[in-house]
Amino acid sequence: MKNMKKILAAVLAIAVLCTTAIAFAGCGGSDTDKSSATDSTTESKADDTAANGELHMATNAFFEPYEYYEGDKIVGIDAEIADAICQKLGYKLVIDDMDFDSIITAVQSGKADFGMAGMTVTEERKQAIDFTDTYTNAIQVIIVKEGEDKVKGADDLKTATIGVQMGTTGDIYVSDFEADGAKIERFNKGADAVLALSQGKVDAVVIDNQPAKAFVAQNEGLAILEEPFENEEYAICVAKGSDLTEKINGALKELKEDGTIDSIIKKYIKED
Ligand code: ARG
């Protein structure tokens with residue numbers, strides 16, 4: 001009787017394994033893809049943050065060209081890089097859109113497996129989450145209204161009303177100026193800060209350079225100051241101590257080496 005149970009269990013286990021293998025084989029891809037997919041399925045059962053063979057990415061999808069909506073689909077550099085990473089690791093990517101300042105909590109609590117949102121590596125954030133290797137650089141820039149001369153450079157921010165997206169590095173940098181008399185208006189979306197600028201409610205917006213270019217292209221009468229504000233590096237954030245960091249780093253390395261990252265970035269950022 002005992003033996004019968006064992007045999008049954010073994011048959012069941014084999015059946016489950018075969019179904020999984022067939023499911024993944026059906027997805028196509030090279031042999032190496034298949035083996036990594038099978039590996040990660042086994043792991044995902046033990047690792048509840050990556051249940052169902054899915055990896056959830058927390059982002060704030062109002063940040064062109066990194067993540068933004070095209071219809072109801074989230075596209076952009078981060079979305080495509082994340083998809084390439086997930087393909088390599090054998091997971092299906094699911095993107096969860098939320099406020100930028102909720103991303104780190106979502107990752108910490110395991111609601112999301114990783115956060116990718118043009119997120120700058122900072123020492124303070126490193127206290128809360130782990131960062132993978134960086135995948136690109138960025139610059140914080142200052143957007144002003146064309147023809148207004150209240151803010152001509154970073155120094156003038158000290159006495160200005162500044163719009164930022166809440167919880168971003170732009171917010172963190174200009175918060176230092178509050179002591180000098182700067183007023184900070186914090187918005188949930190970068191686009192709302194830019195709208196406030198167009199309406200003359202703030203004197204300047206501090207935000208990452210590529211989204212800044214997109215906003216200036218979409219809104220007449222705005223300009224980006226030449227003087228860059230801060231240089232930064234973007235990385236993916238993962239729960240502290242998670243073994244995903246190493247896996248993502250492995251995938252990132254391959255995607256850097258084979259030119260995938262470069263070509264995704266070039267697809268969205270046309271050098272001028
Ligand atoms: N790089 C800035 C930061 O990390 C801004 C990122 C905002 N990203 C977004 N998807 N809204 O704080």
Side-chain angles (χ1 to χ4, degrees), residues 56-70 73-83 85 93-108 111-143 154 157 162-177 184-197 202 204-216 218-219 224 228-238 264-265 268-269:
H56 282 252
M57 159 176 156
T59 198
N60 171 252
F62 296 90
F63 206 61
E64 194 180 337
Y66 298 99
E67 43 268 327
Y68 58 101
Y69 282 92
E70 230 171 55
K73 195 169 177 260
I74 297 173
V75 298
I77 295 172
D78 289 348
E80 286 203 26
I81 294 179
D83 196 45
I85 291 172
L93 171 68
V94 181
I95 303 183
D96 299 333
D97 187 16
M98 59 188 75
D99 284 344
F100 183 76
D101 66 348
S102 301
I103 296 174
I104 289 186
T105 334
V107 170
Q108 271 182 315
K111 255 201 198 158
D113 299 294
F114 65 94
M116 191 170 189
M119 187 181 280
T120 306
V121 179
T122 72
E123 288 309 313
E124 204 191 332
R125 289 175 180 165
K126 278 191 197 163
Q127 312 290 315
I129 34 91
D130 286 345
F131 278 109
T132 63
D133 296 336
T134 71
Y135 58 92
T136 193
N137 303 323
I139 311 167
Q140 290 292 312
V141 295
I142 303 170
I143 315 179
L157 291 176
I162 312 160
V164 291
Q165 184 179 18
M166 180 134 54
T168 59
T169 46
D171 181 359
I172 297 164
Y173 298 137
V174 301
S175 293
D176 286 348
F177 297 154
I184 321 291
E185 299 281 350
R186 298 179 173 86
F187 298 89
N188 270 333
K189 292 182 191 141
D192 294 338
V194 172
L195 181 66
L197 177 64
V202 299
V205 167
V206 173
I207 200 161
D208 309 49
N209 57 332
Q210 293 301 336
K213 279 189 197 164
F215 287 133
V216 168
Q218 290 153 12
N219 294 274
I224 299 172
F229 191 46
E230 288 282 346
N231 292 308
E232 320 190 302
E233 287 188 332
Y234 289 170
I236 298 168
C237 72
V238 175
I264 293 175
I265 293 177
Y268 286 93
I269 301 177

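Atoms within each ligand, like the ligands themselves, are counted from 1 in listed order. Values in this document were obtained by computation on a predicted structure and should not be read as measured data.
- Each of E124, R125, E230, E232 was compared with T169 under the side-chain hydrogen bond (donor to acceptor under 3.5 Å, both in side chains) criterion, and only E232 meets it.
- Atom numbering of ligand 1 starts at 1 in the shown order; those under 4.0 Å from a heavy atom of F63 are 5 (C), 6 (C), 7 (C), 8 (N), 9 (C), 10 (N), 11 (N).
- Distances between N or O atoms of G118 and those of ligand 1 include at least one value under 3.5 Å.
- A ring-centre distance under 6.0 Å is found for Y66 and Y234.
- A donor-acceptor pair is defined here as one N or O able to donate and one able to accept, closer than 3.5 Å; such a pair exists between the side chain of Y268 and the backbone of G76.
- A donor-acceptor contact closer than 3.5 angstrom links the side chains of D208 and Q140.
- Annotation for ligand 1: atoms under 4.0 Å from non-hydrogen atoms of N60 are 9 (C), 10 (N), 11 (N).
- Between the CE atom of M116 and the CD1 atom of I236 there is a distance of 4.0 Å, given to the nearest 0.5 Å.
- Close approach of ligand 1 to R125 is summarised as follows: ligand atoms under 4.0 Å from at least one heavy atom of the residue are 3 (C), 4 (O), 12 (O).
- Compare I139, T120, V206 by their heavy atoms: the one nearest to atom 4 (O) of ligand 1 is in T120.
- Atoms of ligand 1 found under 4.0 Å from any heavy atom of D208 (numbered from 1 in listed order, with element): 1 (N), 2 (C), 5 (C).
- Where the criterion is an N or O separation shorter than 3.5 Å, residue side chain and backbone included, T169 meets it with respect to ligand 1.
- Close approach to Q165 involves these atoms of ligand 1, each under 4.0 Å from a residue heavy atom: 7 (C), 11 (N).
- For ligand 1, one of its N or O atoms has an N or O atom of A117 under 3.5 Å away.
- Close contacts between ligand 1 and E232 involve ligand atoms 1 (N) [criterion: under 4.0 Å to a heavy atom].
- Every atom of ligand 1 with a heavy atom of T168 under 4.0 Å away is listed here by number and element: 5 (C), 7 (C), 12 (O).
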